[in-house]
*Asks:* 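I have a structure I would like to understand better, so I am pasting it below and will then ask my questions one at a time.
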Number of protein chains: 2
Amino acid sequence: MATKPPAENMARSTKQRTAILELLEHDDAFRSAQDLHAILREAGSKIGLTTVYRTLQAFAEADIVDVMRLPGGDHLYRLCSAEEHHHHLVCRSCGRTVEVAGPTVERWANKVAADHGFTEVGHTLELHGLCAECSQSFKAQ
Amino acid sequence: MATKPPAENMARSTKQRTAILELLEHDDAFRSAQDLHAILREAGSKIGLTTVYRTLQAFAEADIVDVMRLPGGDHLYRLCSAEEHHHHLVCRSCGRTVEVAGPTVERWANKVAADHGFTEVGHTLELHGLCAECSQSFKAQ
DNA sequence: TAGGTGTTGACAATGATTGTCATGACTGGG
DNA sequence: CCCAGTCATGACAATCATTGTCAACACCTA
Ligand SMILES: [Zn+2]
Ligand SMILES: [Zn+2]
Ligand SMILES: [Zn+2]
Ligand SMILES: [Zn+2]
């Protein structure tokens, strides 16, 4: 149950990985591989789409980034500060994301699972809505 | 905020829809469109894959079935008894599913969202583990 | 029973993700 | 500093669930 090995398959440090990491550091919303690729190309990088996909996957395995799935099924990535288990409150308009801990939920989940005889329980939880700012914009039509 | 119109686009009753519905009625696990299609063909039906997809979508829109997404991104469907909002406790080995209500979670979600100035909040939550039976099998190696 | 319309199914198209593999970029040792 | 040994990259092909198309069909009702 320990945290995964820090960097399973990230032996070397490269321009591409650095570039992606830097992008993520200046962004508090979840982004897709395609988005990041587009941004990097826009900025003049010759990075390949495949590389972006692979790098993001590696980051995810190493728990360097959090992954979330869009209703459509696409993967989105975000650099998260919290080291421990947490969930996300995402603005469905601008993408702004807040990390939230859910001790209440964790307890509830464990109890429910136990009550039904389940073991090895895990869970996925995500909150989505309109952030304060976007709520305003919408109210003002 | 009322429940969606019962049957937006399901004007007629057909053999295919009946067949799919019947399959779902005798199954308490989530199944994919492809699974259901395979089973129906197996049983001699000439139903088309496209039809299964469309029907399942329609059922989902009409809140006749619940949808869940696999880590890989595929859609799974299940006929649910509870009419109100609920979540799922799924066995990741055999797929057996239990419906659970989560008043605690609902309250928690609303509070967290409000604390951060978010409005129009919704959430997705799912529990997965090993059911009592599968836990046994695994323990017995 | 016949017509109007919702449905079907074979097939093509989509599009994000993954596989391939020759070429290029790190890094540690000499 | 230079080189070999790897690991990483990127252009391109391949997957594969899902969606789009559209002519042939099946409901249902008047
Ligand atoms: Zn949690
Ligand atoms: Zn916002
Ligand atoms: Zn359900
Ligand atoms: Zn089970």
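Nothing here was measured: the structure is a model prediction, and the numbers come from that model.
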*Asks:* Using atom types as modelled and distance alone, determine if a side-chain donor or acceptor of Arg17(A) lies under 3.5 Å from a backbone N or O of Arg12(A).
*Replies:*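 Yes; at least one donor-acceptor contact below 3.5 Å.
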*Asks:* Between dT18(D), dA8(D), dG10(D), which nucleotide gets closest to the side-chain atoms of Arg17(A)?
*Replies:*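 Nearest nucleotide to the side chain: dA8(D).
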*Asks:* With side chains defined as the heavy atoms from C-beta onward, is the minimum distance between His128(A) and Val121(B) less than 4.5 Å?
*Replies:*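 Side chain of His128(A) against side chain of Val121(B), heavy atoms only: no contact under 4.5 Å found.
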*Asks:* Using five pairs at either end of the helix from dT1(C)-dA30(D) to dG30(C)-dC1(D), determine the angle between the two local helix axes and round it to 10 degrees.
*Replies:*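 Between the axes fitted at each end of the helix from dT1(C)-dA30(D) to dG30(C)-dC1(D) lies an angle of 30°.
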*Asks:* What is the distance, to the nearest angstrom, from the CD atom on Gln16(A) to the P atom on dA25(C)?
*Replies:*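 Rounding to the nearest Å, CD of Gln16(A) and P of dA25(C) are 9 Å apart.
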*Asks:* Taking the nucleotide of DNA chain C with the closest heavy atom to each, which residue, Arg12(B) or Val52(B), is nearer the 5' end?
*Replies:*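 It is Arg12(B) whose nearest nucleotide is closer to the 5' end.
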*Asks:* Would you say His26(B)'s side chain and Leu24(B)'s backbone share a donor-acceptor pair under 3.5 angstrom?
*Replies:*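 Checking the backbone N and O of Leu24(B) against the side chain of His26(B), no donor-acceptor pair under 3.5 Å is found.
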*Asks:* Walk me through whether His87(B) and His123(A) qualify under side-chain hydrogen bond (donor to acceptor under 3.5 Å, both in side chains).
*Replies:* CA-CA 11 Å; His87(B) 299 280; His123(A) 63 271; over 6 Å; no
*Asks:* Before we go on, tell me: are the rings of His88(A) and Phe30(A) under 6.0 Å apart, centre to centre?
*Replies:*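 Yes; Phe30(A) has its ring centre under 6.0 Å from that of His88(A).
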*Asks:* With DNA chain D as reference, determine whether Arg54(B) or His75(B) sits nearer its 5' end, using the nearest nucleotide of each.
*Replies:*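 Residue closer to the 5' terminus by nearest nucleotide: His75(B).
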*Asks:* Any non-hydrogen side-chain atom of Thr124(A) less than 4.5 Å from a side-chain atom of Thr124(B)?
*Replies:*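 Of all side-chain heavy-atom pairs linking Thr124(B) with Thr124(A), none is under 4.5 Å.
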*Asks:* Is Glu99(B) salt-bridged to Arg78(B), going by a charged N under 4.0 Å from an acidic O?
*Replies:*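 Result for this pair is yes, salt bridge flagged.
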*Asks:* Identify which nucleotide among dC12(D), dG6(C), dT17(C) has an atom closest to any side-chain atom of Ala11(B), counting heavy atoms from C-beta outward.
*Replies:*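 The answer is dG6(C).
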*Asks:* Would you say a side-chain N or O of Lys15(A) is under 4.0 Å from OP1 or OP2 of dC26(C)?
*Replies:*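 Yes, Lys15(A) has a side-chain N/O under 4.0 Å of OP1/OP2 on dC26(C).
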*Asks:* Roughly how many Å is it from CG in Leu76(A) to P in dA16(C), rounded to a whole number?
*Replies:*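 Answer to the nearest Å: 12 Å.
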*Asks:* Using a 4.0 Å heavy-atom cut-off across all strands, classify Ser13(B) as base, sugar-phosphate, or nothing.
*Replies:*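 The answer is sugar-phosphate, as Ser13(B) gets under 4.0 Å only of primed atoms, P, OP1 or OP2.
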*Asks:* Can you work out whether Thr51(A) or Gln57(B) has the more 5'-proximal nearest nucleotide on DNA chain D?
*Replies:*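 Its nearest nucleotide being more 5', the pick is Thr51(A).
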*Asks:* May I ask you to say what Gln34(A) touches in the nucleic acid, namely base, sugar-phosphate or nothing, with a heavy-atom cut-off under 4.0 Å?
*Replies:*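 Base: the residue Gln34(A), judged by heavy atoms under 4.0 Å, touches a nucleobase.
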*Asks:* Please determine whether any donor N or O and acceptor N or O are separated by less than 3.5 Å between the side chain of Thr50(A) and the base of dA11(D).
*Replies:*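 Under the 3.5 Å cut-off, the side chain and the base do form a donor-acceptor pair.
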